[in-house]
Structure formats: structure tokens, C-alpha cells
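Written out below as C-alpha cells is the structure these notes cover.
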Amino acid sequence: MSKIIDGKAVAAQVKERIKAEAAQLKEQGIEIGLAVVIVGDDPASKVYVRNKKRACEEVGFNSYEYALPEDTTEEQLLELVKKLNADDKVNGILVQLPLPKHLDDKVIINNILPEKDVDAFHPVNVGKIMIGNYSFLPCTPAGVMELIASTGTEIAGKECVVIGRSNIVGKPQAMLLLHKNGTVTICHSKTKNLKEVCRRADILVAAVGRAKMITSDYIKEGAVVIDVGMNRDENGKLCGDVDFDDCKDKASFITPVPGGVGPMTIAMLMQNTLTAAKVKHGIM
Ligand code: NDP
């Protein structure tokens with residue numbers, strides 16, 4: 001029987017740490033602010049934005065929400081980004097993705113000041129992650145690293161397999177594991193013998209987007225299994241990429257969905273916003 005990694009509990013610890021630091025900064029007259037921009041009415045995006053605002057309240061940050069209509073033009077959105085770049089009260093800017101189809105997220109992200117890009121999606125921040133000299137970590141992969149650390153598992157020298165190569169999860173995840181001296185393999189839809197490759201993993205991170213695709217025959221006995229996936233099963237219930245019930249007896253540690261990686265992503269966003277404020281004020 002594996003130990004279930006409680007993402008909510010680890011996220012709560014991270015947020016407590018951030019709250020204490022934010023309170024200390026407030027005593028020095030430094031307030032921290034996160035601007036969240038949402039365009040259109042996507043219900044999932046609205047939930048994410050609400051959760052981000054709630055997290056700001058929990059840790060004592062100011063949050064500024066900008067809800068723009070679906071038909072917002074690129075010019076209008078860029079104008080807002082420019083205003084937020086120049087706003088001293090705003091330490092972090094987050095533009096909720098996906099944007100409506102007529103807007104190019106790359107153009108928008110490239111216009112956020114790298115020092116306020118708390119999602120770490122700007123090419124400057126992506127490049128810094130690549131060379132291992134970064135202040136912001138991409139939120140989801142950074143959350144995964146915290147969850148692995150919470151198990152006490154040493155990454156150095158371990159076989160780490162990441163399934164998925166997206167720019168927001170798979171690739172940066174692989175890079176963070178590599179920085180910790182893991183031996184890293186990245187898998188994707190063209191990978192041959194996926195099962196065999198996954199079975200080599202001491203640490204397996206699934207970021208595929210396919211409900212319960214990873215069954216126990218993909219898993220080495222005693223592996224640490226981290227499930228980034230957020231999918232709906234055949235009954236419309238939220239589930240991960242990993243078939244939790246099938247894998248839980250084989251893994252040494254495993255994350256549930258919900259309650260695993262999800263809460264960590266928001267906690268790490270708060271961490272990046274705190275970092276942005278500290279860098280701005282020359283504290284780190
Ligand atoms: P993408 O769709 O951008 O990437 C999915 C990756 O999985 C691709 O690299 C794709 O390969 C690979 N893949 C797809 N099918 C297979 C297959 N059969 N075998 C092997 N690899 C496959 O997704 P994201 O990275 O954005 O997200 C992945 C999952 O994580 C989603 O469920 C998403 O909802 C969730 N997520 C959760 C977050 C959280 O906070 N918990 C945050 C972000 C995402 P290829 O490149 O060849 O197409």
C-alpha cells in the first residue's frame with residue numbers, strides 16, 4: 001500500500017510560509033499585489049481565477065481582477081498589460097489561459113515584463129530555467145518538485161520519466177528534475193514502448209491529459225508517481241492520467257486527483273508573486 005501525497009496539506013504549509021513572509025514585508029511597508037486578467041466567460045478559467053484570488057486573500061496579498069469581454073482586441077489587452085507593467089502596486093501579472101481564439105497568447109505573454117511574469121511563461125524566464133539561473137519556477141512543475149520533496153525522496157541519480165512535453169508542464173518539469181541531478185527521459189505521443197520506458201522510472205510524472213491512461217503495468221514497484229493530469233472520466237468525475245486505484249498498491253508514494261498537484265500550482269503562483277516583490281525591493 002503506497003502513501004498518498006496530500007497536496008492540500010503541502011500547499012497549506014507553503015502558503016503559511018508565504019503568509020508569514022508577506023506579513024513581515026508589510027511591517028516594512030511593502031505590500032504585495034497580483035493582477036489576474038481573464039478574457040471571456042470560460043467556466044473553468046473563471047474557477048481558476050476565483051481560486052487565485054482566494055489564495056491571495058489567504059496569504060495577505062492584494063489581488064486585482066480584470067475581467068474583459070470575449071471580444072476584447074489584442075490592442076486593448078496589450079494596453080492593459082502595458083498599464084499593469086507600469087503599475088507599482090502590481091508585482092505579478094497573470095493572464096489566464098486559454099485566451100479566446102482571436103488572441104495570440106504568445107504575443108500577450110511576450111509583452112508582460114519578465115520580472116512580473118509570475119507564470120514563468122515569458123521566453124526570458126523559460127531561457128533562465130533552461131540555464132538553471134532563475135527566480136521564477138513554472139508553477140505546476142515547481143509544485144511537483146515540492147510534492148516529491150515532501151516524500152523525502154532523493155532525486156539525484158534516480159531514473160525520472162516525464163510523460164508529456166508541453167511548454168507549461170512536461171519540458172520545464174524535465175528541466176527541474178535534471179537540475180536536481182535526476183536521469184531524465186521525456187515521453188510523448190511518438191514514444192515507442194511507453195510502458196517499458198515508464199517501468200524504468202523511480203519517479204514517474206504523468207502530464208498527458210488522458211483519463212486513467214497509466215495503469216499499474218506502467219509502474220515499477222516502489223516508484224513515486226505524480227499525476228498532473230486533470231481530466232473527466234466516463235461519469236464526468238474529475239480524474240488524473242493515472243488509474244489511482246490500480247496503481248496505489250504498487251507505488252511507494254502517489255498523488256490523488258483532485259487534491260494532489262492542483263493545490264500546489266496555486267501555492268507556487270503565490271511563491272512567485274512573493275519572489276517578484278522581494279526581487280523588486282532588493283531583498284533577494
Ligand atoms: P498538452 O496537451 O499540452 O500536452 C500533452 C502531452 O502528452 C503532449 O506532449 C503529448 O505528446 C503527450 N501525449 C498525449 N497522448 C499521449 C500518449 N498516448 N502517450 C504518450 N504521450 C502522450 O497538455 P498539458 O501539458 O498542458 O497538460 C497535461 C495535463 O495536465 C492535462 O490533463 C491538464 O489538464 C493537466 N494540467 C494540470 C495542471 C494542474 O495544476 N494540476 C496544470 C496544467 C495542466 P505530443 O507532444 O507528441 O503531442
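Just so it is clear, the model here is predicted, and its values are computed rather than measured.
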Do any N or O atoms from the side chain of Asn62 and from the backbone of Gly33 form a donor-acceptor pair under 3.5 angstrom?
no
If you draw a 6.0 Å radius around CD in Gln28, do more than 12 non-hydrogen atoms from other residues or ligands fall strictly inside?
yes
Test item: Val37 and Leu68 side chains (from C-beta on) under 4.5 Å apart, heavy atoms
yes
Please lay out, stage by stage, how Arg165 and Lys190 fare under the test side-chain contact (heavy atoms from CB on, under 4.5 Å).
CA-CA 11 Å; Arg165 57 172 163 182; Lys190 308 289 184 295; 4.3 Å; yes
With respect to Tyr66, which candidate in Val81, Leu84, Val36 satisfies the side-chain contact (heavy atoms from CB on, under 4.5 Å) definition?
Leu84
For Lys116 and Val90, indicate whether the former's side chain and the latter's backbone hold a donor-acceptor pair under 3.5 Å.
yes
Considering only NZ, NE, NH1 and NH2 on the basic side and carboxylate oxygens on the acidic side, decide whether Lys280 and Asp88 come within less than 4.0 Å.
yes
Donor-acceptor pair, Arg199 side chain versus Asp217 backbone, under 3.5 Å?
yes
When rounded to the nearest 0.5 Å, the distance separating CG of Leu94 from CG of Asp119 is 4.5 Å
When rounded to the nearest 0.5 Å, the distance separating CD1 of Ile129 from CD of Gln173 is 11.0 Å
side-chain contact (heavy atoms from CB on, under 4.5 Å) with Val39: of Leu80, Ile108, Leu77, Leu97, only one passes, and it is Leu77
Ignoring hydrogens and geometry, is there a side-chain-to-backbone donor-acceptor pair from Asp6 to Ala9 under 3.5 Å?
yes
Counting distance only, does the side-chain N/O of Asn85 pair as donor-acceptor with the main-chain N or O of Leu113 below 3.5 Å?
yes
Reported CD1-to-CZ distance for the pair Ile109 and Phe121, which is rounded to 0.5 angstrom
6.5 Å
What is the distance from atom CG of Leu178 to atom CD1 of Ile186, rounded to the nearest 0.5 Å?
9.0 Å
Evaluation steps, side-chain contact (heavy atoms from CB on, under 4.5 Å), between Ile254 and Cys247:
CA-CA 8 Å; Ile254 188 167; Cys247 297; 3.9 Å; yes
Is the backbone of Ser216 close enough, under 3.5 Å, to the side chain of Lys250 for a donor and an acceptor to pair up by distance?
yes
Asp117 side-chain N/O to His122 backbone N/O, donor-acceptor pair under 3.5 Å:
yes
Mind checking whether Leu34 and Tyr64 have side chains closer than 4.5 Å, heavy atoms only?
no
Shared ILVMFWY cluster between Leu176 and Val169, side chains joined below 4.5 angstrom?
yes
Counting only N and O atoms by type, is there a donor-acceptor contact under 3.5 Å from the side chain of Asp227 to the main-chain atoms of Asp241?
yes
Restricting to non-hydrogen atoms, name the atom on Val118 and the atom on Cys139 that form the minimum distance, rounded to 0.1 Å.
O-SG, 3.7 Å
N/O donor-acceptor pair under 3.5 Å between Asn111 side chain and Val107 backbone:
yes
Are side-chain N/O atoms of Thr265 and Thr140 paired as donor and acceptor at under 3.5 Å?
yes
Do Val126 and Asn167 make a side-chain contact, defined as non-hydrogen atoms from C-beta onward lying under 4.5 Å apart?
no
Once rounded to the nearest 0.5 Å, what's the spacing between atom SG of Cys160 and atom CD1 of Ile155?
6.0 Å
Between Leu204 and Ile226, is there shared hydrophobic-cluster membership here, with clusters defined by ILVMFWY side-chain heavy atoms closer than 4.5 Å?
no
Step by step, work out the side-chain contact (heavy atoms from CB on, under 4.5 Å) result for Val261 and Leu147.
CA-CA 8 Å; Val261 175; Leu147 292 177; 3.9 Å; yes
Would you kindly confirm whether Val228 and Ile4 end up in one hydrophobic cluster when ILVMFWY residues are joined by side chain heavy atoms under 4.5 Å apart?
no
Going through the distances and angles, do Ile214 and Asp246 end up as a side-chain contact (heavy atoms from CB on, under 4.5 Å)?
CA-CA 9 Å; Ile214 307 301; Asp246 191 38; over 6 Å; no
Separation of Glu79 CD from Thr73 OG1 (nearest 0.5 Å)
9.5 Å
Does the side chain of Met270 reach to within under 4.5 Å of the side chain of Cys56, using non-hydrogen atoms?
yes
With side chains defined as the heavy atoms from C-beta onward, is the minimum distance between Leu25 and Ile32 less than 4.5 Å?
yes
Atom pairs and distances, side-chain donor-acceptor, residues 43-54, under 3.5 Å, sequence neighbours left out:
{"unit_1": "Ser45", "atom_1": "OG", "unit_2": "Asp42", "atom_2": "OD2", "d": "2.8"}
{"unit_1": "Lys52", "atom_1": "NZ", "unit_2": "Gln96", "atom_2": "OE1", "d": "2.7"}
{"unit_1": "Lys53", "atom_1": "NZ", "unit_2": "Glu65", "atom_2": "OE1", "d": "2.9"}

Ile203 and Phe244: same hydrophobic cluster, using ILVMFWY side-chain contacts below 4.5 Å?
no
When every non-hydrogen atom of Tyr218 is compared with those of Lys195, the smallest separation belongs to CE1-CE, 3.7 Å
Between Leu194 and Met213 the two heavy atoms that sit nearest each other are CD2-CE, 3.4 Å
Is any NZ, NE, NH1 or NH2 atom of the basic residue among Asp87 and Lys89 found under 4.0 Å from an Asp or Glu carboxylate oxygen of the other?
yes
For a quick test of reading the model, state the closest non-hydrogen atom pair linking Pro123 to Asn110 and the distance between them.
CD-OD1, 3.1 Å
Could you see if Leu177 belongs to whatever hydrophobic cluster contains Phe136? Use Ile, Leu, Val, Met, Phe, Trp, Tyr and a side-chain cutoff under 4.5 Å.
yes
With a 3.5 Å distance limit and no angle check, can you tell me whether His188 reaches the backbone of Ser166 through a side-chain donor-acceptor pair?
no
When the side chains of residues 14-24 are checked against the rest of the protein, which donor-acceptor pairs come out under 3.5 Å, sequence neighbours left out?
{"unit_1": "Lys15", "atom_1": "NZ", "unit_2": "Glu58", "atom_2": "OE1", "d": "3.2"}
{"unit_1": "Arg17", "atom_1": "NH2", "unit_2": "Gln271", "atom_2": "OE1", "d": "3.4"}
{"unit_1": "Glu21", "atom_1": "OE1", "unit_2": "Lys278", "atom_2": "NZ", "d": "2.7"}

Minimal heavy-atom distance between Thr275 and Ser135, with the atoms involved, is CG2-O, 3.6 Å
Restricting to non-hydrogen atoms, name the atom on Arg200 and the atom on Thr185 that form the minimum distance, rounded to 0.1 Å.
NH2-OG1, 3.5 Å
